[in-house]
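Written below as structure tokens is the structure these notes are about.
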Amino acid sequence: MTNLDVSKLLRNVAAAYRIKDEQKYRFQIIAYDKAADTLENSPTELRELFKEQKLGDLPGVGPSIRAHLEELLTTGKVKHFEEVFSSIPEAVFTLLDVPGFGPKKAYRLVTEFKLKNPKSVVADIRALAEQGKIDPLDGFGKKSQDDILTRIEEYGRGKTKTARMALPYAGELAKKMLAYLKECPAVEQVSPLGSLRRRKETVGDIDIAVASSEPAKVLQHFVDYPHKERIIEKGDHTSSILVSSGKQIDLMVQPPEAFGSLLQHFTGSKDHNVHLREYALSKGLSLSEYGIKKRGDESGKLTHYSTEEKFYAALGLQWIPPEMRENTGEIELAKKNELPTLLELKDMKGDFHLHSSYPIEPSHDMGNNTMEEMIAKAKSLGYSYLGFSEHNPSISKHTSLQTKAILEKRKEFIEQLNKKHNKSIRVFSLLETDILPNGNLAIDDDAISLLDATIVSVHSSFGMNRDEMTKRVLKGLSHPKAKILAHPTGRLINQRPPYELDWAKVFAFCKEHHKALEINAWPLRLDLNDVLVREAVKQGVKLMIDTDSHSLEEMDLMEYGVSVARRGWAKPSDILNAMPYNDLAKWFSM
DNA sequence: GCCGTTTTCGGCCCGACTGTTTTCAGTCG
């Protein structure tokens with residue numbers, strides 16, 4: 001049972017309470033939803049937290065929910081949940097992932113038509129709508145019947161409430177929309193919001209804010225977007241459209257004088273805003289996307305804020321970078337004026353995970369561009385150093401003598417490059433070496449000794465359990481030349497789950513033996529992830545942000561790795577390749 | 001059911017939009 005499964009279970013409990021008596025269970029609903037959020041974002045599997053008696057440390061998990069989770073992990077079920085679910089057909093919960101279906105509507109339709117089969121419930125409802133049997137129901141009508149058909153059709157094409165796209169994909173969609181919006185003369189300022197602005201690794205809907213004195217014109221321009229599939233809703237302040245590819249774009253418009261509070265509100269996260277509003281209430285202030293007013297002041301005297309800086313300042317807070325707005329202590333630090341100065345893209349001085357086309361006869365894919373081309377690109381990015389890390393020569397196709405010969409030749413080649421560029425940029429001779437299932441490195445010591453250092457990583461046998469995998473990785477890292485663990489969890493976003501490691505052990509090992517963990521900027525990897533970066537930073541473990549580029553264009557992806565680092569509250573001093581050359585060379589020699 | 005610069009009880013964010021409604025319920029963020 002994964003964290004996501006358990007998270008869904010808790011959401012179902014909240015949904016069940018909504019169906020039973022939304023008023024009576026009001027606060028239980030909030031509590032279960034919050035605990036579900038926490039679990040969804042926890043990088044550590046529940047079972048491990050349970051083993052270490054740390055379930056109660058999760059925010060939103062108190063004595064009651066903790067006891068239920070323990071029961072779930074021990075016996076596979078929870079008595080209390082079964083009681084809550086007992087009067088509600090299972091099919092209700094299946095419907096909840098279809099956009100437009102909340103607990104009430106799902107329950108009403110399922111019970112009205114006695115739909116028992118969770119596997120066919122979506123198709124059953126579609127059939128009923130097609131036969132016109134929903135229209136006559138109390139509280140429904142022709143329009144909601146049609147809406148149900150539209151939503152189910154879109155659901156069938158992959159639009160669900162929980163589907164999220166990788167950050168760079170969302171970035172591209174947003175870029176096109178921003179360009180389109182700027183064509184409208186009424187648009188004065190425009191900015192992406194929500195998880196896209198917070199640079200979360202995945203994005204659900206794309207949220208965009210516009211400052212304009214003529215909202216109606218902007219909203220009309222927006223819903224006229226030529227690549228839209230349909231308009232989901234259109235109001236006086238906000239509108240939503242569906243674009244081809246089944247993604248939703250939401251637009252919010254405010255006059256320029258209120259743009260700051262709009263940015264703040266729709267950047268979120270929800271938890272950050274809830275906490276911020278509770279904090280404001282304690283000072284007698286009430287917050288909304290329109291501004292700030294005194295609590296209980298019904299005359300509605302509202303103060304507007306044109307920038308976020310002014311909005312936060314009005315609450316006595318430092319401006320908080322969007323990447324930090326996840327309600328994990330940032331508001332408390334902002335009160336004390338103690339927010340860390342986060343890493344920025346311009347701090348980056350090099351890239352160490354680069355695959356050139358150098359003929360190394362590698363074990364995995366090789367790069368498209370020559371070392372010289374990649375050096376020129378690195379210079380254009382303002383870097384002062386870089387490292388080449390092709391995959392090690394294939395061990396099945398080479399004897400160790402052949403491997404050594406290849407690497408000797410490559411070493412000389414890189415020495416020539418260094419001579420030629422005469423310190424205008426420094427080139428490190430690295431390699432990405434496989435850690436074999438037994439923990440040995442794929443090539444032998446004679447070959448490795450020819451390198452400045454090596455990146456090590458796992459490319460096979462992902463199915464090992466946590467203890468075996470931890471042993472394997474630490475054994476690989478313990479080689480004196482092994483300095484960096486690349487893409488440390490092996491996950492591919494939306495495609496392959498991470499393998500489990502004992503992070504306490506890994507962090508302690510890295511700290512003691514001067515090893516670094518990579519933040520891989522490749523958009524589908526982005527691991528180490530934000531939550532683990534934050535923990536590594538706390539423990540004093542050094543990190544390195546690399547693009548894992550196989551071509552020149554990919555070297556521009558560094559910004560995504562920097563985003564992960566910022567979401568993990570990393571400062572420039574936490575990142576090895578934000579260091580000056582001399583400090584870095586010293587670290588490599590340690 | 002959770003939680004603490006209002007700390008072990010008494011609170012718990014704020015609003016938009018749609019559809020079916022004569023004043024609100026449901027969904028969503």
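Just so it is clear: chains get the letters A, B, ... in the order the sequence lines come, proteins before strands, and each one is counted from 1.
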| Using a cut-off of 4.0 Å on non-hydrogen atoms, how would the nucleic acid contact of A:Ser282 be classed: base, sugar-phosphate, or nothing? | base

| Is any side-chain heavy atom of A:Glu559 closer than 4.5 Å to a side-chain heavy atom of A:Arg199? | yes

| field | Aromatic ring of A:Phe27 stacked on base six-ring of B:dC12, 5.5 Å, 30° | value | yes

| query | Across the strands shown, which category fits A:Asp138 at heavy-atom distances under 4.0 angstrom: base, sugar-phosphate, nothing? | reply | nothing

| Interatomic distance, A:Asp271 CG vs B:dC12 C1' [rounded to whole Å] | 13 Å

| query | If you find the nucleotide of DNA chain B closest to A:Phe101 and the one closest to A:Ile30, which residue's nucleotide is nearer the 5' end? | reply | A:Ile30

| Reckon A:Leu276 touches a base, only the sugar-phosphate, or nothing at all at heavy-atom distances under 4.0 Å? | nothing

| field | Atom pair distance, as rounded to whole Å: CD in A:Glu332 and P in B:dC3 | value | 13 Å

| task | Please work out if A:Ile29 contacts a base, only the sugar-phosphate, or nothing of the nucleic acid, heavy-atom cut-off 4.0 Å. | result | nothing

| Side chains of A:Glu330 and A:His275, donor plus acceptor under 3.5 Å | no

| query | Taking the side chain of A:His265 as heavy atoms from C-beta outward, which of B:dG26, B:dC13, B:dG29 is closest to it? | reply | B:dG29

| query | Which value, in whole Å, describes the distance between the C1' atoms of nucleotides B:dT18 and B:dC12? | reply | 28 Å

| Please give, in whole Å, the distance from B:dG15 C1' to A:Asp236 CG? | 13 Å

| message | Which label fits A:Tyr225 and A:His227: parallel for a plane angle under 30°, tilted from 30 to 60°, or perpendicular past 60°? | response | perpendicular

| task | Please state how far atom OH in A:Tyr17 lies from atom P in B:dC2, giving the value in whole angstrom units. | result | 10 Å

| Short side-chain N/O contact from A:His272 to OP1 or OP2 of B:dG29, under 4.0 Å | no

| said: Considering every strand and a 4.0 Å limit on heavy-atom distances, what is the contact class for A:Lys270: base, sugar-phosphate, or nothing? | reply: nothing

| said: In whole Å, measure the gap between the C1' atoms of B:dT7 and B:dC2 for me. | reply: 13 Å

| query | What nucleotide, of B:dG19, B:dC12, B:dC17, holds the atom closest to the side chain of A:Glu278? | reply | B:dC12

| Can you check the A:Leu193 CG to B:dG29 C1' distance for me, whole Å? | 12 Å

| message | Does a side-chain N or O of A:Lys104 approach OP1 or OP2 of B:dG26 to a distance below 4.0 Å, or not? | response | yes

| Is there a side-chain polar atom (N or O) of A:Lys161 under 4.0 Å from OP1 or OP2 of B:dC28? | yes

| task | Compute whether any side-chain donor of one residue and acceptor of the other, for A:Ser144 and A:Asp147, lie under 3.5 angstrom apart. | result | no

| message | Using Watson-Crick or G-U wobble geometry with both distances under 3.5 Å, which nucleotide pairs with B:dT8? | response | none

| request: Kindly point out which of B:dC12, B:dG26, B:dG29 is positioned nearest to the side chain of A:Leu281? | output: B:dC12

| task | Indicate, with yes or no, if the rings of A:Phe101 and A:Tyr155 have centres closer together than 6.0 Å. | result | no

| task | For A:Glu289, answer base if it contacts any base atom (sugar-phosphate contacts may also be present), sugar-phosphate if it contacts only those atoms, and nothing otherwise; contact means non-hydrogen atoms under 4.0 Å. | result | sugar-phosphate

| request: Just compare B:dC17, B:dG19, B:dG1 and give me whichever is closest to any side-chain atom of A:Thr238. | output: B:dC17

| Taking atom C1' in both B:dC14 and B:dC9, what distance in whole Å separates the two? | 25 Å

| query | Given atom NZ of A:Lys234 and atom P of B:dA16, what is their separation to the nearest angstrom? | reply | 16 Å

| Integer angstrom distance from the P of B:dT5 to that of B:dC13 | 16 Å

| request: With C1' as the reference atom in both, quote the distance from B:dT22 to B:dG29 in angstrom, rounded to an integer. | output: 28 Å

| Taking OP1 and OP2 of B:dG19, is either one under 4.0 Å from a side-chain nitrogen or oxygen of A:Ser144? | no

| task | Look at all strands and tell whether A:Tyr290 reaches a base, only sugar-phosphate, or nothing, counting heavy atoms closer than 4.0 Å. | result | sugar-phosphate

| remark: A:Arg108 CZ to B:dG26 P, in whole Å, measures 10 Å

| message | Strictly below 4.0 Å: does A:Ser286 bring a side-chain N or O up to OP1 or OP2 of B:dC14? | response | yes

| query | What distance, rounded to whole Å, do you find between the two P atoms, one in B:dG10 and one in B:dC17? | reply | 39 Å

| task | Specify the separation, in whole Å, of atom CZ of A:Phe140 and atom P of B:dG19. | result | 13 Å

| note | Only one of A:Val564, A:Leu524, A:Asn529 passes side chain to side chain contact (heavy atoms under 4.5 Å, CB included) with A:Glu201, and that residue is A:Asn529

| said: Say we look at B:dT20 and B:dG15: how far apart would their P atoms be, to the nearest angstrom? | reply: 27 Å

| Of the nucleotides B:dC13, B:dT27, B:dG1, which has the atom closest to the A:Pro103 side chain? | B:dT27

| request: Give me the one residue out of A:Lys270, A:Arg18, A:Arg26 that meets salt bridge (Lys or Arg N to Asp or Glu O under 4.0 Å) with A:Asp33. | output: A:Arg18

| Do you see a donor-acceptor pair shorter than 3.5 Å between the side chains of A:Thr238 and A:Asp250? | no

| task | Let me know, please, whether A:Tyr32 or A:Lys283 comes out on the 5' side of the other along DNA chain B by nearest nucleotide. | result | A:Tyr32

